[in-house]
Amino acid sequence: MLKATLRSFLAHKGRLLLSALAVLLSVAFVAGSLIFSDTVTRTFDRLFASTSADVTVLPREDLDSQLPSGAVQTVDASIEDRIARVDGVADTHLDVSVEGVTVVNSENESVGPTTGAPTIAAGWYVTDRSPVELTSGHEPRGPGEALIDADTADNKDVRIGDTLTVIAQPGSFKVEIVGIATFTTTNPGAALVFLDIPTAQTELLGKRGVATSVAVTAQEGVSDAALKERISRAIGTETYEVETADEQAESAAAELGGFLDVIKYVMLGFAGIAVLVGVFLIVNTFSMLIAQRTRELGLLRALGADRRQVRRSVLLEAALLGLVGSTLGLATGIGLAFGLIELMGLLGMNLKSTEMVIGWATPVSAYVVGVGVTFVAAYLPARRAAGVSPMAALADAEIAGVGRPLRVRAVVGTVVGALGAAALVGCVTATETGSAASLLALGVVLTLIATVIAGPLLVRPVIRVLGGAFPALFGSVGRMSQRNALRNPRRTGATAAALMVGLALVGGMSVASASMTESFDQQIDETLGADFVIQNNNFQPFPQEITEKVNETDGVGTVVRQRFAAIAARLPNGDRVETGAAGYGDQLDEVANITYAQGGTAAALAPGNMAMDVDYAKDHDVRIGSVIPVEFPAGRQTELRVAALTDQEGGEGFGAQGAMYFGLETLERYVPGGQDSTLYVNAASGTSADTLRERLEQTLDPYPQVQVRDQADYKQLVRDQIAVLLYLVYALLGLAIVIAVLGVVNTLALSVVERTREIGLLRAIGLARRQLRRMIRLESVVIAVFGAVLGLALGLVWGVCVQQVLALQGMTALAIPWVTIVAVVVGSAIVGIVAALLPALRASRMNVLAAIAHE
């Protein structure tokens with residue numbers, strides 16, 4: 001049996017090739033994501049471990065919420081003297097490092113990275129653990145001098161002697177580049193600008209006598225942990241955090257982990273789609289191979305092989321296929337990881353492909369996925385193979401009938417589908433977002449399973465409709481192609497299911513994204529009344545000088561400032577809510593259209609008052625006149641009276657949880673020194689919007705981090721953000737289509753082999769090669785369109801349900817992207833044509849007499 005199995009595997013290796021490709025793609029994404037993330041993790045672990053001080057003293061992280069908007073956490077510089085006197089301390093120095101600054105050249109162009117990595121301004125202090133070294137010029141020696149890292153200098157064409165402008169939280173200042181610093185370790189992609197420590201304190205932190213941390217070097221023989229304990233006792237831990245080098249490296253790696261997790265989960269998403277779609281392909285391939293080998297398996301049974309041996313033989317073939325696919329997939333995954341590492345290099349993160357990490361978990365995962373998926377997918381066909389009777393050797397029979405199994409499918413599919421439909425109905429009628437989302441997830445899974453199970457039952461009615469015009473358009477060739485697709489509903493359903501999964505996903509996400517876009521457009525139209533909105537690119541606060549420049553711009557009429565602060569509110573029902581609240585200028589009604597259930601803007605912005613979303617207020621027993629104890633940053637406490645309840649379409653459009661906001665006067669009283677996050681600007685009387693925009697852009701030209709946007713720009717910004725998710729879905733769809741094409745090709749190729757004698761007879765009675773190719777192409781098209789119709793129908797239902805969940809968050813518009821749906825159907829027909837090219841060509845080249853003699 002072992003010899004027979006191996007010979008059978010080698011005899012059908014061409015037929016199994018496309019199934020091996022599906023396994024290869026699945027394994028490649030799993031292996032590639034693991035190798036890439038392991039490589040980046042190992043590289044940055046070494047970077048953080050080699051550059052962290054023995055002990056670092058920082059401000060406590062839980063004091064972050066006590067800062068004014070846009071401020072930087074600091075420690076008092078005097079703490080350095082106390083630390084230096086601790087037994088076991090060899091050396092200390094103040095560190096000043098601020099992220100989120102903007103650096104521009106003489107043409108007001110940003111010299112920072114465009115990949116999302118930060119621009120960091122820091123104090124220059126050299127130790128044996130510094131990540132950079134001075135390679136040209138000299139160190140900064142006072143105000144007006146700075147160093148820049150070599151990678152940024154090369155990328156942005158910055159040279160020694162150039163003048164740059166640094167825009168930091170306290171304001172902007174000019175520096176002359178006097179030296180270039182080169183990374184001695186991995187460059188994480190950031191742009192670095194170095195100032196001398198006193199200048200860094202003044203210009204980046206706003207005053208002397210503070211720092212962002214204190215770095216401590218231990219004396220020889222003193223452990224980091226022991227020194228940390230001594231320093232903690234000396235300075236206390238109420239306002240300071242003391243971390244060892246290992247703890248610093250661990251916390252830095254944890255921050256990086258979020259970025260790595262995004263890449264890893266995206267790639268594992270691709271792997272999941274490849275696995276899911278590949279399962280259909282493998283099941284279909286083995287089912288067809290076993291159907292074609294009915295006589296062979298019957299002969300083995302007649303010669304003495306029992307059911308267990310036949311089943312084991314088929315599963316061994318699947319395991320061999322999984323081994324081959326996994327091995328090739330692992331190699332492809334290494335290539336994929338190499339490509340990602342090179343891509344990161346183009347984006348500024350200089351990883352070394354020579355230091356690629358392939359841990360033991362990577363090949364184990366690769367083979368578990370590849371062999372496991374193939375083995376599981378082949379189990380049902382193997383069971384069918386074991387049921388072949390010895391008498392099948394005497395007849396030209398297939399075991400893939402359409403009797404009882406389809407009746408079982410009908411019952412199981414109906415039950416599962418009913419449960420899925422009930423879950424989706426529950427999702428639509430739910431009033432809580434959490435329960436609606438849970439029911440949606442359950443409904444999506446169950447309806448997908450039900451459609452896959454019941455797919456063969458839908459083949460005959462749907463394909464009769466889809467292919468109904470074939471006889472009239474293509475005559476007998478069209479009629480035969482339609483009947484070929486109807487010949488084996490199970491096979492047609494399984495082939496179409498691979499395409500259906502991808503198109504159901506894209507259909508659902510297309511409806512959801514179109515509905516989100518339409519909802520946001522409506523909300524912007526209804527609520528935004530300002531001519532222009534001025535914001536930072538990353539929505540972070542900006543220096544006060546920007547607000548001053550805008551106010552001084554000729555033609556500016558109304559300017560309403562928006563500023564955020566973290567607060568803790570004690571609500572009447574006893575809940576303590578930590579959230580973000582906004583402060584607005586007095587003329588809010590001139591730049592925003594706010595709908596109130598009770599009260600109005602004047603009352604909401606009056607000193608000592610606040611506003612809240614009406615639904616949130618009801619949930620927490622808040623009424624007009626309720627007095628809410630509120631704690632602001634730095635422990636400042638007060639009581640604010642609820643003077644207005646908003647009833648906005650978006651529910652929480654102003655502020656965060658509860659949509660709480662108040663007057664800017666109230667906020668500045670309890671949180672002085674903050675920065676504005678947004679400016680809402682209207683043109684003065686007699687100044688056109690176009691003229692004002694031109695003047696504002698000219699005013700803000702030195703500040704490339706802020707943008708001037710009107711309503712159309714704001715809508716486009718939202719569309720672009722939603723499009724990022726949609727592009728990912730389209731990429732997943734592309735992968736699903738690739739594997740689905742492999743499935744159609746495999747099905748048609750095996751079908752051609754199965755119908756070799758039939759094709760020979762058709763050719764003998766006059767069917768031309770061109771007509772034969774057309775027949776196979778039409779069969780492929782109708783199968784692909786069948787999969788598209790099922791997938792899009794399912795996706796539309798999912799999309800409508802997703803929109804109902806979004807409606808609970810105020811996104812009430814439902815939009816169906818008909819253009820996308822029609823394009824997908826047309827694209828599916830093209831996919832069918834492409835998938836049929838090779839099988840049709842092979843069929844048309846068959847020798848007629850040899851085909852007739854084929855058994």
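What's counted below: heavy atoms across the whole structure, side chains too, no hydrogens, waters or symmetry copies. Position 1 is the first residue of the sequence, and the numbers go up from there. Model, not experiment: these values are computed from the prediction.
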For [X] and [Y], work out which heavy atoms get closest and say how close.
{"X": "I180", "Y": "A153", "answer": "CD1-CB, 4.0 Å"}
{"X": "S326", "Y": "V371", "answer": "OG-N, 3.5 Å"}
{"X": "A318", "Y": "T374", "answer": "O-CG2, 3.1 Å"}
{"X": "C427", "Y": "A436", "answer": "SG-O, 3.6 Å"}
{"X": "T327", "Y": "Y367", "answer": "OG1-OH, 2.8 Å"}
{"X": "V23", "Y": "G322", "answer": "CG1-O, 4.3 Å"}

Does [X] reach the side chain of [Y], with side-chain heavy atoms less than 4.5 Å apart?
{"X": "V214", "Y": "Y240", "result": "no"}
{"X": "V802", "Y": "L440", "result": "yes"}
{"X": "V445", "Y": "L442", "result": "no"}
{"X": "T433", "Y": "V805", "result": "yes"}
{"X": "V506", "Y": "L503", "result": "yes"}
{"X": "L58", "Y": "E243", "result": "yes"}
{"X": "V57", "Y": "S213", "result": "no"}

Using only atom types and a distance under 3.5 Å, with no angle test, would you say the side chain of [X] pairs donor to acceptor with the backbone of [Y]?
{"X": "T212", "Y": "D95", "answer": "yes"}
{"X": "T56", "Y": "A215", "answer": "no"}
{"X": "S313", "Y": "Q309", "answer": "no"}
{"X": "T119", "Y": "G112", "answer": "no"}
{"X": "Q219", "Y": "V89", "answer": "yes"}
{"X": "E247", "Y": "T244", "answer": "yes"}

**Prompt:** Could you walk me through whether L448 and W798 pass the side-chain contact (heavy atoms from CB on, under 4.5 Å) check?
**Reply:** CA-CA 10 Å; L448 176 62; W798 294 350; 3.9 Å; yes
**Prompt:** What do the steps show when you test V55 against I231 for side-chain contact (heavy atoms from CB on, under 4.5 Å), and what is the final call?
**Reply:** CA-CA 9 Å; V55 175; I231 293 174; 3.9 Å; yes
**Prompt:** Out of I120, I148, V132, which residue meets the side-chain contact (heavy atoms from CB on, under 4.5 Å) rule with F194?
**Reply:** V132
Within this structure, what is the [atom1]-[atom2] distance for the pair [X] and [Y], rounded to the nearest 0.5 Å?
{"X": "I358", "Y": "L34", "atom1": "CD1", "atom2": "CG", "answer": "11.0 Å"}
{"X": "M356", "Y": "D38", "atom1": "CE", "atom2": "CG", "answer": "11.0 Å"}
{"X": "F183", "Y": "E133", "atom1": "CZ", "atom2": "CD", "answer": "12.0 Å"}
{"X": "F36", "Y": "L336", "atom1": "CZ", "atom2": "CG", "answer": "10.0 Å"}
{"X": "I35", "Y": "I334", "atom1": "CD1", "atom2": "CD1", "answer": "4.5 Å"}
{"X": "L227", "Y": "D54", "atom1": "CG", "atom2": "CG", "answer": "7.5 Å"}

Does a side chain donor of either [X] or [Y] reach within less than 3.5 Å of an acceptor in the other side chain?
{"X": "Y125", "Y": "S130", "result": "no"}
{"X": "T152", "Y": "N155", "result": "no"}
{"X": "H93", "Y": "D91", "result": "no"}

**Request:** Report the C-alpha separation of V98 and V101 in whole Å, then their side-chain angles, then the decisive distance to 0.1 Å, and conclude whether the side-chain contact (heavy atoms from CB on, under 4.5 Å) test is met.
**Result:** CA-CA 7 Å; V98 177; V101 300; 4.0 Å; yes
**Request:** Answer yes or no: are there more than 12 heavy-atom neighbours, outside F375 itself, under 6.0 Å from its atom CZ?
**Result:** no
**Prompt:** After noting the C-alpha distance and the side-chain angles of L134 and V126, does the key distance pass the side-chain contact (heavy atoms from CB on, under 4.5 Å) rule?
**Reply:** CA-CA 9 Å; L134 184 64; V126 179; over 6 Å; no
